[in-house]
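Taking it in order: structure first as structure tokens, then the write-up.
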Amino acid sequence: TMDYSTNDSKSTSKNKVVAVVGGGLVGALNACYFAKRGFQVEVFESREDIREAKIVKGRSINLALSHRGRQALKQVGMEDTIVSKGIPMHSRMIHSLNGTQSPIPYGKKGQVTLLMQRLDTPHSAETYSTTKLNFAHKLLNWSTETGAMTFLRADGAKEEIQADLIVGCDGAFSAIRKQFLRQSRFNFSQTYIPHGYLELTMPPINGEFAMKPNYLHIWPRNTFMMIALPNLDKTFTCTLFMPFDEFENVTTGDQVIEFFQKYFPDTIPLIGADALKRDYFRLPAQAMVSVKCSPYHLSDKCVLMGDAAHAVVPFYGQGMNAGFEDCLVFNEIMDQLNEDFSAVLPEYTRVRVPDDHAIADLAMYNYVEMRSHVNSKWFLFRKYVDNTLHMIMPRTVIPLYTMVTFTRIRYHEAVKRWHWQDKVRHYIVHSSLYKGL
Ligand code: FAD
Ligand code: EGU
């Protein structure tokens, strides 16, 4: 048994140990935050060293990084390295069924979303000498009484570890969270959506991107939708979203081509018919889950962040951004309350739960909207209305995606403003009608 914890209540951050469980995106960023404050940080990650594993199975490798995520990276001096390796996206490109492409800019100049690659992260934490990365350490259980964590190592041996604070960043199926479920007055909900997703690669043509790179390419087709994001190696990752029952109806290579011919004909030559027939069946469609819970802390011992606290469906491109903002908000509260865990943890729950629940709701709302009646015409029309109202009344009407993507307006406040703006929009539309316009 290793006991890293300190029993001296007067001890400073210098000799306190923080165990970060999960070395994904949020765990890695958290390690940097705690190390920068002077804590001893131990990261425990169930996978083998990610530097050696080439393929992160079933998880898309490129992610849209927007303002909230960038602000969180900036605070620990990581923004520039990530941004220099990112691909800026200034517009969406809407692909209609007849092959027409229509760009819709995200906003004013400089309002861009960046694409970052998933594999870049965890080792950035190693630049701090006080941080140790422990790969092949799978958390099996932990005791809410003693705080002791039990890990399973690659060699099959079990290891017991103690720390002053446990930060659960172990994703949507968090093992840390299991102990929360046993607590009285802990709220938890989990919802799988009927859609699954499948990823296909679009190769470069003559060494160049097959489509324009600085765009989020979207094929909105009501029930079906495809999105393509560029990678540094000049490929695109295309993500097809479709109900699981529909996936079951496509079982042969010819049916794949038939399906694409009907809904995404312009992509067949770009992906390649043979590659399409083959890659479509490489991996089964992946499920998407939305998880909400509260509180995020258990006494002064343990706190949840990232997908462990709130998995959201990917229909706002905000999951990682929200998780990064968790770290930033926690850090702000650590400043305000002098790193006193018994005060910081409840305050973090109080401040953060309403915002994470709001983005979970928004992402689910956008999923429902996109699958029910969003074809390319509707998408173009709605963005046009939003952008025009914003142009006429820039201070009064700010499009929802702008508040979510390009500001740090608290998510729950963005939702409140949106409801209020909706009333304004209705009023304008109606009064124009009354005036016979
Ligand atoms: P994870 O990335 O899941 O990391 C958890 C880590 O914990 C993993 O490394 C895992 O191996 C480890 N772990 C798990 N269990 C244990 C255990 N018992 N012991 C030890 N370690 C453990 N977000 C965006 O902001 N922009 C996007 O464009 C975007 N696109 C997306 C597209 C898709 C299709 C999907 C599904 C999601 C997308 N997201 C996006 C969301 C984003 O992927 C997640 O929000 C983000 O990965 C969460 O990071 P995390 O570190 O909290 O969890
Ligand atoms: C979904 C899956 C367009 C990567 C939401 C927009 C997304 C991403 C949008 C995925 C859409 C949807 C927004 C950004 C981004 C849009 C956004 C969604 C990246 C409201 C790899 N979404 N995504 N909204 O406005 O704010 O462009 O898988 F099709 S980036 Cl679903 Cl800004």
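Note that this is a predicted model, so its numbers are computed, not measured.
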Which pair of heavy atoms, one from [X] and one from [Y], lies closest together, and at what distance?
X: Leu29; Y: Ala72; value: CD2-CB, 4.1 Å
X: Ala210; Y: Met202; value: CB-SD, 3.9 Å
X: Ala363; Y: Val312; value: CB-CB, 4.3 Å
X: Gly156; Y: Leu152; value: O-CD1, 3.5 Å
X: Gln75; Y: Asn331; value: CG-ND2, 3.9 Å
X: Met226; Y: Cys238; value: SD-CB, 4.1 Å

Does Lys277 NZ have over 12 foreign heavy atoms under 6.0 Å away? yes
Is Phe281 atom CZ crowded by more than 12 heavy atoms from other residues, nucleotides or ligands, each under 6.0 Å away?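 Yes, because the 6.0 Å sphere around CZ of Phe281 holds more than 12 heavy atoms from other groups.
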Run the side-chain hydrogen bond (donor to acceptor under 3.5 Å, both in side chains) test on Asn134 and Glu159 for me, step by step, so that the C-alpha distance in whole Å, both residues' side-chain angles and the decisive distance to 0.1 Å come before the verdict. CA-CA 12 Å; Asn134 305 276; Glu159 200 173 312; over 6 Å; no
Derivation and outcome, salt bridge (charged side-chain N to carboxylate O under 4.0 Å, His left out), residues Asp170 and Arg177: CA-CA 9 Å; Asp170 50 347; Arg177 200 177 58 214; over 6 Å; no
Donor-acceptor pair between [X] and [Y] side chains, under 3.5 angstrom:
X: Asn321; Y: Tyr316; value: no
X: Asn98; Y: Thr100; value: yes
X: Gln318; Y: Tyr411; value: yes
X: Asp279; Y: Thr201; value: no
X: Asn141; Y: Gln179; value: yes
X: Asp355; Y: His412; value: yes

Side-chain contact, heavy-atom cut-off 4.5 Å: [X] with [Y]?
X: Arg68; Y: Thr405; result: no
X: Leu216; Y: Ile227; result: yes
X: Gln190; Y: Tyr192; result: yes
X: Phe259; Y: Met242; result: yes
X: Ile333; Y: Val351; result: yes
X: Thr144; Y: Gln183; result: yes
X: Gln286; Y: Leu198; result: no
X: Ser46; Y: His137; result: no

List the steps, then state whether salt bridge (charged side-chain N to carboxylate O under 4.0 Å, His left out) holds for Lys416 with Glu413. CA-CA 5 Å; Lys416 267 200 218 156; Glu413 272 164 18; 5.7 Å; no
Going through the distances and angles, do Phe236 and Met211 end up as a side chain to side chain contact (heavy atoms under 4.5 Å, CB included)? CA-CA 8 Å; Phe236 275 93; Met211 302 182 297; 3.9 Å; yes
Distance from [X] atom [atom1] to [Y] atom [atom2], nearest 0.5 Å?
X: His67; Y: Met403; atom1: NE2; atom2: CE; answer: 14.0 Å
X: Ile193; Y: Phe244; atom1: CD1; atom2: CZ; answer: 8.5 Å
X: Gln71; Y: Phe324; atom1: CD; atom2: CZ; answer: 13.5 Å

Evaluate side chain to side chain contact (heavy atoms under 4.5 Å, CB included) for Met334 paired with Phe341, printing each intermediate quantity in order. CA-CA 8 Å; Met334 287 282 272; Phe341 293 151; 3.8 Å; yes
Side chain to side chain contact (heavy atoms under 4.5 Å, CB included) test vs Pro295 passes for just one of Val303, Thr349, Leu345, namely Thr349
Would you confirm whether [X], through its side chain, and [Y], through its main-chain N or O, come within 3.5 Å as a donor-acceptor pair?
X: Asn231; Y: Asn62; result: no
X: Lys301; Y: Ala163; result: yes
X: Glu79; Y: Lys74; result: no

Does the pair Glu45/Lys138 count as a salt bridge with the N-to-O cut at 4.0 Å?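 Looking at Lys138 together with Glu45, the answer is no, because their closest N to O distance does not fall below 4.0 Å.
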With side chain to side chain contact (heavy atoms under 4.5 Å, CB included) as the criterion, how do Ile218 and Met93 come out once you've worked through the C-alpha distance, each side chain's angles and the decisive distance to 0.1 Å? CA-CA 6 Å; Ile218 309 171; Met93 186 67 88; over 6 Å; no
Report the C-alpha distance between Asn214 and Ser91 in whole Å, list the side-chain angles of each, state the deciding distance to 0.1 Å, and finish with yes or no for side-chain hydrogen bond (donor to acceptor under 3.5 Å, both in side chains). CA-CA 7 Å; Asn214 300 101; Ser91 309; over 6 Å; no
Is there a side chain to side chain contact (heavy atoms under 4.5 Å, CB included) between Glu42 and Ile161? Walk through the geometry before answering. CA-CA 10 Å; Glu42 295 277 336; Ile161 288 162; over 6 Å; no
For side-chain hydrogen bond (donor to acceptor under 3.5 Å, both in side chains), just list the numbers for Thr235 and Asp233, CA-CA rounded to whole Å, side-chain angles, deciding distance to a tenth of an Å, and then say yes or no. CA-CA 6 Å; Thr235 62; Asp233 64 0; 2.6 Å; yes
Which word best sums up how the rings of His217 and His95 line up, parallel for under 30°, tilted for 30 to 60°, or perpendicular for over 60°?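 His217 vs His95 ring planes: tilted.
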Please evaluate residues Asn366 and Tyr401 with respect to the criterion side-chain hydrogen bond (donor to acceptor under 3.5 Å, both in side chains), reporting the C-alpha separation (whole Å), side-chain torsions for both, the decisive distance (0.1 Å), and the verdict. CA-CA 11 Å; Asn366 207 39; Tyr401 80 84; over 6 Å; no
Which of these passes ring pair (Phe, Tyr, Trp, His ring centres under 6.0 Å) with His195: Phe247, Tyr367, Phe224, Phe241? Tyr367
For [Y] together with [X], are the ring centres under 6.0 Å from each other?
X: His310; Y: His357; result: no
X: Tyr215; Y: His90; result: yes
X: Phe151; Y: Trp142; result: no

Walk me through whether Arg408 and Glu332 qualify under salt bridge (charged side-chain N to carboxylate O under 4.0 Å, His left out). CA-CA 14 Å; Arg408 276 202 66 208; Glu332 287 162 359; 3.1 Å; yes
